[in-house]
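Remarks on the structure that follows.
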Amino acid sequence: MTAKQYLKKAKRIDAFIKAKNEELEELRAKSTSIGAVQLTPDKVQTSHNASDKLANDVANILECEERIKKAIQDYILLKDEINDKIEEIENDDFRLILQLRYLNQKDWETIAIEMNFSYSHTLSLHKQALDAFEEKHHDFLCS
């Protein structure tokens with residue numbers, strides 16, 4: 001795996017957590033909505049048993065919450081690991097650009113402004129920082 005692939009793992013887990021939170025909100029909204037009721041002159045019919053629906057909704061919500069908790073734990077551990085590996089890079093600019101991009105998830109324009117570099121120099125510096133990261137952690141990335 002490349003340094004960039006490794007460093008992007010935290011962003012992917014963060015995106016997964018955000019998606020699961022959206023799913024959780026949808027499940028909660030769905031669980032509080034009223035089921036479809038069909039009225040005809042002859043009979044009144046509900047779409048399904050309300051207690052079964054509620055039990056299924058609660059089970060789905062709890063399962064989603066557990067997945068989110070697990071993903072958050074993984075995210076925290078990975079960010080700590082990435083931070084430790086970034087801190088081992090000797091060049092201050094390399095450490096800062098990797099921190100801003102992969103842990104703080106800032107865009108290139110913001111990073112360039114914060115580091116007081118041109119956009120093109122920021123991208124060049126990023127490439128050098130990735131090379132330094134790969135050199136320093138070659139054994140780890142290849143395992």
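Count residues from 1 along the sequence.
Nearest heavy atoms, A132 versus I89: O-CD1, 3.8 Å. Nearest heavy atoms, N60 versus L27: O-CD1, 3.7 Å. A pairwise comparison of heavy atoms in A71 and I13 identifies O-CG2, 3.6 Å as the closest pair. Between L130 and A3, the shortest heavy-atom distance links the atoms O-CB, 3.8 Å. Across all non-hydrogen atoms, the minimal contact from Q5 to M1 is OE1-CA, 3.2 Å. Contact record, Y102 with A10: O-CB, 4.3 Å, taken as the closest heavy-atom pair.
Residues Q99 and N83 form a side-chain contact, since some pair of their non-hydrogen atoms from C-beta on lies under 4.5 Å apart. In this structure the side chain of L141 never reaches within 4.5 angstrom of the side chain of T2, judged on heavy atoms. Residues I68 and C64 meet the side-chain proximity criterion, which asks for heavy atoms closer than 4.5 Å.
In summary, E25 and K20 do not engage in a salt bridge, as defined by a charged side-chain N under 4.0 Å from a carboxylate O. Electrostatic pairing of R95 and D92 counts as a salt bridge here, judged by a charged N lying under 4.0 Å from a carboxylate O. Ion pairing between a basic and an acidic side chain is recognised when a charged N comes within 4.0 Å of a carboxylate O; E63 and R67 show such pairing.
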(request) Start with the C-alpha distance between E23 and K18, add both sets of side-chain angles, then the distance that settles salt bridge (charged side-chain N to carboxylate O under 4.0 Å, His left out), and finish with yes or no. (result) CA-CA 9 Å; E23 179 184 338; K18 287 176 182 169; over 6 Å; no
(message) K85 vs E88, test: salt bridge (charged side-chain N to carboxylate O under 4.0 Å, His left out). Steps then yes/no.
(response) CA-CA 5 Å; K85 295 202 176 309; E88 293 177 26; 5.1 Å; no
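Connection of I111 to I113 is not established within any shared hydrophobic cluster, with ILVMFWY side chains joined at heavy-atom distances below 4.5 Å, either directly or through further cluster members. Under the 4.5 Å side-chain heavy-atom criterion for Ile, Leu, Val, Met, Phe, Trp and Tyr, I82 and I72 are members of the same hydrophobic cluster. The hydrophobic cluster containing F16 does not contain I61, counting ILVMFWY residues as joined when their side-chain heavy atoms lie under 4.5 angstrom apart, directly or transitively. Both Y119 and I97 belong to a common hydrophobic cluster when Ile, Leu, Val, Met, Phe, Trp and Tyr are linked at side-chain heavy-atom distances under 4.5 angstrom. The cluster map of Ile, Leu, Val, Met, Phe, Trp and Tyr, joined by side-chain heavy atoms under 4.5 Å apart, puts I76 and L7 in the same cluster.
Heavy-atom contacts from other residues, nucleotides or ligands closer than 6.0 Å to CG of N116 number 12 or fewer. Within 6.0 Å of atom CD in E135, 12 or fewer heavy atoms from other residues, nucleotides or ligands are found, so the atom counts as exposed in its surroundings.
The ring of F133 has its center no closer than 6.0 angstrom to the ring center of H138. Aromatic rings of F140 and Y6 (six-membered ring for Trp) have centroids within the 6.0 Å cut-off, being under it.
With values rounded to the nearest 0.5 angstrom, Y75 atom OH is found 12.5 Å from R12 atom CZ. Distance check, rounded to the nearest 0.5 Å: NE2 of H137 to CG of D84 gives 9.5 Å. Taken from CD in E114 to OG1 in T122, the straight-line distance is 10.5 Å, to the nearest 0.5 Å. Here the straight-line distance linking atom CG of D74 with atom CD of E81 works out to 11.0 Å at 0.5 Å rounding. How far CZ of F94 is from NZ of K127: 10.5 Å, rounded to the nearest 0.5 Å. Distance check: H126 NE2 to L98 CG gives 6.0 Å after rounding to the nearest 0.5 Å.
Between the side chain of E134 and the backbone N or O of D131, no donor-acceptor pair lies under 3.5 Å. Checked by atom type and distance alone, the side chain of N104 never pairs as donor or acceptor with a backbone atom of K106 at under 3.5 Å.
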